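Below: one structure, written as structure tokens.
No experiment lies behind these values; they were computed from the predicted model shown. Letters go in sequence order (proteins before strands), and every chain restarts at 1.
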Number of protein chains: 2
Amino acid sequence: MITKANIKYIQSLQHKKYRDENNTFFAEGIKVVQELLSSNIFECEAIYCTNEGYELLSKTIVNTYSNKINIIEDFELQKISALVTANCILAIFQKKYTDSSINIANKLTLVLDDIQDPGNLGTIIRTADWFGIKTIFCSEFTADCYSPKVVQSTMASLGRVNIVYGNIREQLKKNEHIKKYAAVLGGKDIRTYKKIEEGFVVIGNESKGISKNIVDMCEEKISIERVGEAESLNAGVACAIILFAII
Amino acid sequence: MITKANIKYIQSLQHKKYRDENNTFFAEGIKVVQELLSSNIFECEAIYCTNEGYELLSKTIVNTYSNKINIIEDFELQKISALVTANCILAIFQKKYTDSSINIANKLTLVLDDIQDPGNLGTIIRTADWFGIKTIFCSEFTADCYSPKVVQSTMASLGRVNIVYGNIREQLKKNEHIKKYAAVLGGKDIRTYKKIEEGFVVIGNESKGISKNIVDMCEEKISIERVGEAESLNAGVACAIILFAII
């Protein structure tokens, strides 16, 4: 059983406005939910699952979260799900406090200038976590990292990377002594670089690239050499190749 | 104006069965449509656009395809669109004949074992085209490369890469003399390889990885070294990094 008020509350969390107001978000599907619960990064508010979902949960998780688990019917889960076909479990978590004054010296930091596709943002966060990146600065118009589609594609990486939204121009200005690398078409071949220990790697919007005023702030323009004919690379792919090349 | 019969026909092309029956598919949005039209790879059957879409078409395209362009109303375009919000233009193309006996000697060839997410497949095709890969063998359960979501994310790369569906086990068997590299977790670090001139690179399903019987056929198991903590990389990202590393 789930109350009407709770259905309304969870549905509202599909919108950024309400995620911000409540400081919560939700995740769906056994893989993502179980990984988020096991990682202990986000405080869990409630778990809603069908009998099928309940069976798939590990014993440790059932024991730890017994007072938060609500077994509901398939049609009830579908009502609160953001998926076309609900996937046996949904859990609500509290957002994490992000520290905008985090220390980025001697580290590689990603800067996203208006990445708008939630799938791309999710992939970038997961890739950043794979390569040990600790901080991502996102421009105000970058997709919200707590939107259901982003959560779905980041897995638990969402909690391990410090994701800070704000004016990226000011962030770069504040850290003038740290070298800035702009991913552009027609820049210097990324293969000519060796390991980069410290710097900002700036990735631009899927169709417009990096804003001119941000490119102008970057000392280095970097590119992935094209061998074939595609006009461009997907933003998540370009980001991944660049990180692989310089880490 | 668009006839009811044409609306029904285009809507049917959202399903693989009807794309196969008619040997056609459709693309949407000015960027993809214009790129597909300019590339001359697929024969265009018809173009439907709003006044707004028409204004965005280049003069050359308007001249070349004048007898195929139909200007329609927004609400008509929405009816035939696969997008939540239709994007000013939709064009129908004939599928391309794919040659399953294509020569793969002295080349790198991608093998996809049940890649199911259309976005991932689209990204992989586009990345393959960027790196000059000419052929992709797809298992029968890999997403259909002509599905609207794949077309959307490949751009015109769709026509430049030879995409062959079928039994990948038999394809690998038939080419026993060509080395096979399986992308797995815990394999040999991809950085230890130099340029690879000839071979099959096998990428597995998003959650299950490569089927055991396929992995067993591969002489080399390759991996991308993890520095951070993410459990895995997105399939499209892994594929891109591997291609970058060995091309």
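Contact check for L37(A) versus I47(A): side-chain heavy atoms found under the 4.5 Å cut-off. A 4.5 Å side-chain heavy-atom check between I203(B) and V111(B) finds every atom pair outside the cut-off. Within the 4.5 Å cutoff, the side chain of V202(B) has no heavy atoms near those of the L110(B) side chain. Between L77(B) and C49(B), the closest side-chain pair of non-hydrogen atoms is not below 4.5 Å.
Using a 4.5 Å cut-off between heavy atoms, I247(A) touches chain B through backbone and side chain atoms alike. Both the backbone and the side chain of I224(B) come within contact range of chain A, judged by heavy atoms closer than 4.5 Å.
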Anything under 3.5 Å between chain B and chain A that's a donor-acceptor pair? List each one with its distance, please.
residue: R126(B); atom: NE; partner: S232(A); partner atom: O; Å: 3.2
residue: R126(B); atom: NH2; partner: S232(A); partner atom: OG; Å: 2.9
residue: R126(B); atom: NH2; partner: L233(A); partner atom: O; Å: 3.3
residue: D129(B); atom: O; partner: E229(A); partner atom: N; Å: 3.0
residue: D129(B); atom: OD2; partner: A230(A); partner atom: N; Å: 3.1
residue: W130(B); atom: O; partner: V227(A); partner atom: N; Å: 3.0
residue: W130(B); atom: O; partner: G228(A); partner atom: N; Å: 2.6
residue: W130(B); atom: NE1; partner: E225(A); partner atom: O; Å: 3.2
residue: R191(B); atom: NH1; partner: F244(A); partner atom: O; Å: 2.9
residue: R191(B); atom: NH2; partner: F244(A); partner atom: O; Å: 2.9
residue: R191(B); atom: NH2; partner: I247(A); partner atom: O; Å: 3.4
residue: E225(B); atom: O; partner: W130(A); partner atom: NE1; Å: 3.2
residue: V227(B); atom: N; partner: W130(A); partner atom: O; Å: 2.9
residue: G228(B); atom: N; partner: W130(A); partner atom: O; Å: 2.7
residue: E229(B); atom: N; partner: D129(A); partner atom: O; Å: 3.0
residue: A230(B); atom: N; partner: D129(A); partner atom: OD2; Å: 3.1
residue: S232(B); atom: O; partner: R126(A); partner atom: NE; Å: 3.2
residue: S232(B); atom: OG; partner: R126(A); partner atom: NH2; Å: 2.8
residue: L233(B); atom: O; partner: R126(A); partner atom: NH2; Å: 3.2
residue: F244(B); atom: O; partner: R191(A); partner atom: NH1; Å: 2.9
residue: F244(B); atom: O; partner: R191(A); partner atom: NH2; Å: 2.9
residue: I247(B); atom: O; partner: R191(A); partner atom: NH2; Å: 3.3

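Looking at every heavy atom in both residues, V151(A) comes nearest to A27(A) through CG1-CB, 3.6 Å.
Across L233(B), I241(B), V227(B), V237(B), the residue that shares the most heavy-atom pairs under 4.5 angstrom with chain A is L233(B). For the set G122(B), G228(B), A128(B), the entry with the most heavy-atom pairs within less than 4.5 Å of chain A is G228(B). Between chain B and the residues A240(A), A245(A), A230(A), the most heavy-atom pairs under 4.5 angstrom are made by A230(A).
Put simply, CG on L158(B) and CG on L36(B) are 7.0 Å apart, with the number rounded to the nearest 0.5 Å.
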- After noting the C-alpha distance and the side-chain angles of F26(A) and F93(A), does the key distance pass the ring-ring contact (aromatic ring centres under 6.0 Å, His included) rule? CA-CA 6 Å; F26(A) 66 81; F93(A) 297 94; 10.0 Å; no
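Taking the six-membered ring where tryptophan is involved, the planes of F200(A) and F137(A) are tilted, since the angle between them lies from 30° to 60°.
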